[in-house]
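In this text the structure is predicted, and so the values were computed from the model without any measurement.
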Amino acid sequence: MAASSTSLFLVFSSLLIFSSLLYVSDADYSAPIMKGLSWDYHHKTCHKLEKIVRKHLKKVFKEDVGQAAGLLRLHFHDCFVQGCDGSVLLDGSHGGPSEQTAPPNQSLRKQAFIIIEDLRNLIHKECGRVVSCADIVALAARDAVHLSGGPDYDVPLGRKDGLTFATQNATLANLPAPTSNATTILSALATKNLNPTDVVALSGGHTIGVSHCSSFTPRLYPTQDPTMEKTFARGLKEVCPTNTTDATTVMDIYSPIKFDNKYYVDLINRQGLFTSDQDLYTHKETKPIVESFAHDEKLFFEKFVQAMIKMGQLEVLTGGKGEIRAHCSIRNPDNKGYFSYLAEDEDQYDLESKAELR
């Protein structure tokens with residue numbers, strides 16, 4: 001186990017060194033940007049923002065590679081439910097159970113929430129309370145991708161944090177289960193203006209990270225899914241010998257800590273972990289997209305960036321809507337320590353107002 005951990009650390013360290021040499025996507029300034037967002041939103045109010053995020057996350061990922069996947073998944077789960085408003089970060093201290101208690105979110109890494117709060121603290125110390133938690137989540141997801149070997153890209157910023165979280169029913173309704181087939185996923189995400197190419201590209205986020213047995217054992221027990229490659233299935237049964245085993249396994253057997261296109265190679269080889277993964281190679285509309293990404297990593301990176309920028313603008317709050325939280329897990333009106341920020345915020349108010357008007 002120690003040798004394995006050392007090997008993973010060395011591989012990831014090399015990714016941090018050489019990731020800047022990989023394909024880098026320039027910002028698509030022709031892409032439609034929601035009113036209130038901009039590519040350089042915090043340039044005047046917090047010009048060190050992206051350096052602070054990247055520097056801190058380099059340290060985090062050197063200590064624990066898995067946090068990259070956790071931060072990427074956090075962004076997905078925030079945006080798909082009630083839009084990219086940081087609502088998934090809120091605790092349940094007001095208005096009942098939070099989004100975090102809904103079944104799809106219970107497997108989100110607890111450390112991911114801590115990392116976002118640590119980043120907020122660093123950023124607000126440097127710049128004042130001018131950057132929302134929702135913007136920090138989007139930037140952390142981008143750096144999770146890039147520092148794992150994936151594309152670098154600019155993120156349109158200017159989101160405000162939401163004042164409410166979604167109900168558990170709304171959370172369940174907006175996060176397709178890993179047992180969903182491609183038709184279900186395509187229909188669900190079409191309502192969010194994401195096309196089949198976007199869906200297949202965003203699914204490529206499963207190229208890093210791990211999954212709990214409960215998310216895929218329905219494909220093993222009581223009857224094995226015939227679309228699953230037999231050797232792959234035997235390996236999964238060793239990790240999850242029963243349908244109640246509480247264990248985890250990597251989502252991409254080729255390169256589990258590197259953001260690349262091997263996830264799509266897995267699908268072609270019938271080694272996709274979830275039904276929602278493997279069925280992308282069965283469905284007639286998504287199969288050719290999977291094949292194109294498996295054969296052309298640069299194309300996958302390009303389409304992934306486009307899909308992330310599109311997803312990152314789902315139902316965003318801007319301008320006078322929402323707030324910039326003084327603590328990511330608590331609405332400002334519920335935060336007893338919030339009022340201690342107000343005196344300091346008076347000096348930042350003009351800067352924030354200027355950013356809104358640009």
Side-chain angles (χ1 to χ4, degrees), residues 23 25 28 31 69 72-73 75-77 79-81 104 141 145 148 150-151 153 172-211 215-216 218-220 224-230 232-233 236 249-256 258-314:
Y23 168 73
S25 172
D28 183 1
L72 179 58
R73 189 164 177 246
H75 186 41
F76 285 153
H77 282 229
C79 289
F80 284 146
V81 181
V145 169
S148 297
Y153 56 97
L172 285 165
N174 283 279
L175 290 172
T179 54
S180 303
N181 61 28
T183 298
T184 299
I185 293 173
L186 289 172
S187 297
L189 298 190
T191 64
K192 302 181 185 301
N193 197 33
L194 295 171
N195 60 42
T197 299
D198 297 326
V199 172
V200 177
L202 292 174
S203 297
H206 287 171
T207 190
I208 55 175
V210 299
S211 171
S215 295
F216 58 84
R219 299 186 67 202
L220 299 174
Q224 185 176 309
D225 185 339
T227 65
M228 184 180 287
E229 194 272 324
K230 293 181 179 179
F232 179 60
L236 292 179
T249 188
V250 297
M251 300 181 69
D252 174 4
I253 62 174
Y254 285 99
S255 51
K258 183 180 180 183
F259 195 96
D260 55 21
N261 68 334
K262 297 301 185 291
Y263 161 83
Y264 301 103
V265 176
D266 291 338
L267 302 189
I268 291 174
N269 291 334
R270 297 189 297 122
Q271 295 169 332
L273 196 58
F274 303 150
T275 298
S276 59
D277 292 321
Q278 192 58 56
D279 205 48
L280 294 175
Y281 190 60
T282 303
H283 195 278
K284 64 179 181 179
E285 191 170 8
T286 53
K287 181 177 180 178
I289 305 172
V290 168
E291 292 174 332
S292 67
F293 290 169
H295 293 117
D296 189 342
E297 184 174 77
K298 185 175 180 180
L299 176 65
F300 162 49
F301 284 1
E302 177 186 332
K303 297 303 181 182
F304 180 82
V305 167
Q306 292 174 1
M308 284 292 283
I309 291 173
K310 184 186 292 188
M311 184 197 76
Q313 298 182 77
L314 289 175

Test side-chain contact (heavy atoms from CB on, under 4.5 Å) applied to M228 and L220, step by step: CA-CA 9 Å; M228 184 180 287; L220 299 174; 3.6 Å; yes
L72/M308 under side-chain contact (heavy atoms from CB on, under 4.5 Å): CA gap, chis, key distance, verdict: CA-CA 10 Å; L72 179 58; M308 284 292 283; 3.7 Å; yes
Criterion side-chain contact (heavy atoms from CB on, under 4.5 Å) on Y281 and E291, from CA distance to verdict: CA-CA 8 Å; Y281 190 60; E291 292 174 332; 3.5 Å; yes
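The OG1 atom of T183 sits 9.5 Å away from atom NZ of K284, with the distance rounded to the nearest 0.5 Å. In this structure, F76 CZ and L314 CG are separated by 11.5 Å, a value rounded to the nearest 0.5 Å. Atoms CG and OG1, from N261 and T207 in turn, are 7.5 Å apart once rounded to the nearest 0.5 Å. Between atom CG of residue N174 and atom CZ of residue F80 there is a gap of 9.5 Å, rounded to the nearest 0.5 Å. To the nearest 0.5 Å, atom CZ of residue R73 and atom CD1 of residue I208 are 12.0 Å apart.
Here E285 pairs with nothing under the side-chain hydrogen bond (donor to acceptor under 3.5 Å, both in side chains) rule; sequence neighbours left out. By the side-chain hydrogen bond (donor to acceptor under 3.5 Å, both in side chains) test, S255 is found to be paired with D252, D260, residues two or more places apart in sequence or in another chain being considered. For H206, the side-chain hydrogen bond (donor to acceptor under 3.5 Å, both in side chains) partners are D277, not counting sequence neighbours. Looking at residues two or more places apart in sequence or on another chain, you find a salt bridge (charged side-chain N to carboxylate O under 4.0 Å, His left out) between D225 and R219. When the side-chain hydrogen bond (donor to acceptor under 3.5 Å, both in side chains) test is applied to D296, no partner is found at least two apart in sequence or on another chain. A search for side chain to side chain contact (heavy atoms under 4.5 Å, CB included) contacts involving A177 returns T179, S180, not counting sequence neighbours. S292 is linked by a side chain to side chain contact (heavy atoms under 4.5 Å, CB included) to I289, L299, counting only residues two or more places apart in sequence or in another chain. F304 pairs by the ring pair (Phe, Tyr, Trp, His ring centres under 6.0 Å) definition with F259, F300, not counting sequence neighbours. Not counting sequence neighbours, the partners of V265 by the side chain to side chain contact (heavy atoms under 4.5 Å, CB included) test are Y254, K262, N269, A294. Residues passing the side chain to side chain contact (heavy atoms under 4.5 Å, CB included) test with S276 are P178, I185, F274, sequence neighbours excluded.
Put simply, the side chain of V200 does not reach to within 4.5 Å of the side chain of H283, judged on heavy atoms. Looking at heavy atoms from C-beta onward, L273 lies in side-chain contact with L236 at the 4.5 angstrom threshold.
Summarising the geometry of V290 relative to L280, their closest heavy-atom pair is CG2-O, 3.7 Å, with the distance given to 0.1 Å. The nearest pair of heavy atoms linking V199 to S203 is O-OG, 2.8 Å. Shortest non-hydrogen contact noted between M311 and H75 is CE-CD2, 3.6 Å. F216 and S211 get closest at one heavy-atom pair: CD2-OG, 3.9 Å. Across T197 and F293, no two heavy atoms sit closer than the pair CG2-CZ, 4.1 Å. Here the closest heavy-atom approach between residue L186 and residue P196 is recorded as CD2-CA, 3.8 Å.
Distance alone, capped at 3.5 Å, is enough to place a donor-acceptor pair between the Q278 side chain and the G272 backbone.
Every pair passing salt bridge (charged side-chain N to carboxylate O under 4.0 Å, His left out) that includes a residue from residues 191-210 is listed here, sequence neighbours excluded: D198-K310. Pairs engaging residues 178-189 under the salt bridge (charged side-chain N to carboxylate O under 4.0 Å, His left out) rule: none recorded [sequence neighbours left out].
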